[in-house]
Amino acid sequence: MTNSTKVMIVLCILCLAIVSGGLAAGEQRYIVKFKPGAGAKGAAQLSAIGARQQLELHEYDAAAFTIPSNALKGLQHNPNIEYIEPDAKRYLLSQTIPYGIPMVQADQLSDSAAGNMTVCIIDSGYQRSHEDLPGSGTVNGASDDGGAGDWFVDEVHHGTHVAGTIAALNNSVGVLGITPNDKLNLFIVKVFDASGWAYSSSLVAALGVCEDNGANVINMSLGGSFKSRTEERAFTAAHERGVLSIAAAGNDGNTRHSYPASYRDVISVAAVDENKQHASFSQRTSQVELAAPGVHVLSPVPMETGLATTTLVAGAEYSAIGMGGSPLGTESGVLIDCGLGDSQCNDAAGAVCLIQRGGNIAFSDKVLACEDGGGIAAIIYNNVSGSLSGTLGEVVTHIPSVGVSKADGEVMLGLLGSSATVSLLASNYAYFDGTSMATPHVAGVAALVWSHHLACTNTDIRDALRASAEDLGVTGRDDYYGYGLVQAREASLYLGTDCGASAGGGGADGGGNDKPEKPCRGRNCP
């Protein structure tokens with residue numbers, strides 16, 4: 001071993017000590033608030049049980065200590081201590097890359113030429129003033145004639161979330177979209193108001209508006225069970241005029257067709273999770289063509305309408321999803337076991353209730369049982385594998401409540417008596433599930449790929465997305481994943497310099513990557 005190697009080893013050990021934050025095994029860091037005048041005596045008692053002072057906050061009669069977990073419970077009734085709370089971690093505010101972006105290879109293909117493309121989003125509107133979304137420079141829109149309201153107002157939050165997956169900005173906040181550098185042109189057509197539904201005729205009219213405003217790609221995170229001949233004819237005509245239409249396969253988890261996704265001239269998109277597994281809600285039909293991330297997708301929603309969730313137990317943070325309808329707030333207390341959320345919650349005064357899903361008891365009743373017993377927050381853990389996303393419906397509760405996975409809940413059962421914190425705060429972002437979330441991944445990739453191959457047709461792009469998709473499930477096309485997970489870089493490579501002709505695709509006349517004269521895309525073109 002050389003001297004330089006010995007130095008490197010010593011430096012690495014020092015680095016590990018710094019990263020660990022000075023915590024010994026079994027310790028967690030807390031802020032201890034002493035009663036007035038009792039700070040010195042309380043600090044001495046803490047030192048006697050093995051706690052170590054890390055930082056004094058004299059002005060607030062408090063100090064930060066690392067405390068052995070086995071000593072924490074004995075401090076609950078110390079006469080010199082007013083309260084103990086976790087010394088919560090704070091992080092540099094930075095941008096998050098949702099798992100779907102690298103999964104579809106969007107980070108492997110430049111969006112420098114995306115200004116040559118227009119994606120039209122037919123949905124519930126778009127919050128133009130969002131901190132993480134393109135503004136008036138590259139975004140325009142219209143509302144249908146059915147009274148949906150201004151296109152730049154999104155009562156449902158759905159359209160803003162969809163747009164964020166495609167185009168969330170590369171800045172210092174929020175998330176990153178598939179084309180993050182504010183070059184892609186977005187055109188928004190609002191067809192949904194707060195009711196969350198619209199007519200087939202509205203969709204046909206919206207399709208025409210998209211075409212008249214130069215749409216290359218149309219994103220439709222919407223659908224319904226009944227077929228419309230008028231609608232089908234409209235999408236066939238749009239396809240023949242060079243438009244690439246993309247729609248959600250549906251969220252009923254069955255084999256029923258959903259429209260417009262199941263029309264021949266529309267790409268039907270199924271949803272997968274971060275492990276590339278088929279989402280249980282995603283419809284599986286003979287028309288499913290591509291798959292994309294659609295589970296727990298993080299994206300912008302109208303400002304202050306999302307939910308930021310933090311759940312800590314014994315100082316460790318766990319992934320949690322706020323219960324739909326839960327009030328906002330931050331509460332800390334001792335973690336207790338409330339079983340299935342019935343009689344075991346009778347004595348929960350000042351505690352955080354850990355409750356198991358099941359027992360034919362509604363989530364709202366479980367939370368109310370905790371609340372009625374004096375509990376200040378509720379953590380409900382799943383009884384099957386996977387995360388837990390639940391709702392309290394119309395029931396009014398008064399304590400913050402979250403859902404966690406079965407695995408995390410079982411870990412928490414071994415930490416009963418530890419300090420727990422549940423925090424739900426307003427956010428500008430939210431996690432959504434659905435084939436609605438998978439669809440913009442495909443629409444964004446289609447536009448990104450097409451921007452590198454402007455001489456190619458909509459059919460060339462569709463063929464390339466199919467041929468280059470990552471095969472999932474059984475070999476070859478299947479009703480769960482279609483041709484597989486959409487892949488941006490691979491699709492661009494497939495198109496090459498001749499729109500896929502050399503790779504076995506149909507190719508396009510002229511080939512190459514030179515930008516042709518911009519074609520007329522409206523319905524009134526010659």
Side-chain angles (χ1 to χ4, degrees), residues 23-33 46 49-51 65-78 81-89 309-323 326 329-359 361 363 365-388 390 397-424:
L23 290 177
E27 283 186 335
Q28 296 295 337
R29 181 161 164 156
Y30 297 89
I31 296 176
V32 180
K33 169 65 171 68
L46 283 165
I49 62 170
F65 289 85
T66 51
I67 303 174
S69 56
N70 58 7
L72 186 64
K73 194 170 185 179
L75 296 172
Q76 292 175 9
H77 303 293
N78 188 300
I81 295 175
E82 187 172 320
Y83 63 80
I84 301 175
E85 63 179 355
D87 196 356
K89 294 178 180 178
T309 305
T310 303
T311 299
L312 300 169
V313 177
E317 187 168 353
Y318 293 84
S319 177
I321 302 173
M323 285 280 159
S326 171
T330 299
E331 298 290 349
S332 297
V334 173
L335 186 70
I336 66 168
D337 182 13
C338 278
L340 289 169
D342 43 28
S343 58
Q344 283 183 257
C345 279
N346 289 339
D347 187 18
V352 174
C353 304
L354 180 63
I355 309 172
Q356 185 181 22
R357 179 184 186 181
I361 304 172
F363 293 136
D365 290 335
K366 293 175 185 287
V367 174
L368 286 174
C370 172
E371 186 177 328
D372 292 343
I376 57 175
I379 302 172
I380 302 175
Y381 64 96
N382 216 340
N383 57 1
V384 295
S385 61
S387 58
L388 175 58
T397 63
H398 301 90
I399 60 175
S401 54
V402 299
V404 299
S405 68
K406 178 182 179 183
D408 286 347
E410 290 172 347
V411 171
M412 293 179 190
L413 284 172
L415 298 171
L416 298 175
S418 301
S419 178
T421 298
V422 173
S423 177
L424 295 179

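Counting begins at 1 with the first residue of the sequence.
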Partner residues of [X] under the side-chain contact (heavy atoms from CB on, under 4.5 Å) criterion, sequence neighbours left out:
X      : result
Ala351 : Ile336
Asn346 : Ser343
Glu85  : Ile31, Tyr83

| Mind checking what makes side-chain hydrogen bond (donor to acceptor under 3.5 Å, both in side chains) contact with Ser418, not counting sequence neighbours? |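 Scan of Ser418 (side-chain hydrogen bond (donor to acceptor under 3.5 Å, both in side chains), adjacent residues dropped) gives none.
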Can you confirm whether [X] sits close enough to [Y] that some side-chain heavy atom of one is under 4.5 Å from a side-chain heavy atom of the other?
X      : Y      : answer
Asp408 : Thr311 : no
Gln28  : Pro86  : no
Val411 : Tyr318 : yes
Leu388 : Ile321 : no

| Check against side chain to side chain contact (heavy atoms under 4.5 Å, CB included), Ser419 and Ile84 | CA-CA 8 Å; Ser419 178; Ile84 301 175; over 6 Å; no
| said: Under the side-chain hydrogen bond (donor to acceptor under 3.5 Å, both in side chains) test against Asn382, which residue among Lys406, Arg357, Glu410, Gln356 passes? | reply: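 Looking at Lys406, Arg357, Glu410, Gln356, the match for Asn382 under the side-chain hydrogen bond (donor to acceptor under 3.5 Å, both in side chains) is Arg357.
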| Testing Thr330, Thr309, Thr310 for side-chain hydrogen bond (donor to acceptor under 3.5 Å, both in side chains) with Ser423, which one passes? |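 Running side-chain hydrogen bond (donor to acceptor under 3.5 Å, both in side chains) over Thr330, Thr309, Thr310 with Ser423 returns exactly one hit, Thr330.
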| field | Any pair counted as side-chain hydrogen bond (donor to acceptor under 3.5 Å, both in side chains), so long as it reaches residues 365-379, sequence neighbours left out | value |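 Sorted pair list: Glu371-His398.
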| said: If we ignore hydrogens and angles and just use 3.5 Å, is the side chain of Ser326 paired with the main-chain N or O of Ser401 as donor and acceptor? | reply: yes
| said: Show, in sequence, the C-alpha distance, side-chain angles and deciding distance for Cys338 and Cys370, and conclude whether the disulfide (SG to SG under 2.5 Å) test is met. | reply: CA-CA 8 Å; Cys338 278; Cys370 172; 5.5 Å; no
| field | Residues forming a salt bridge (Lys or Arg N to Asp or Glu O under 4.0 Å) with Glu82, sequence neighbours excluded | value |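 Scan of Glu82 (salt bridge (Lys or Arg N to Asp or Glu O under 4.0 Å), adjacent residues dropped) gives Lys33.
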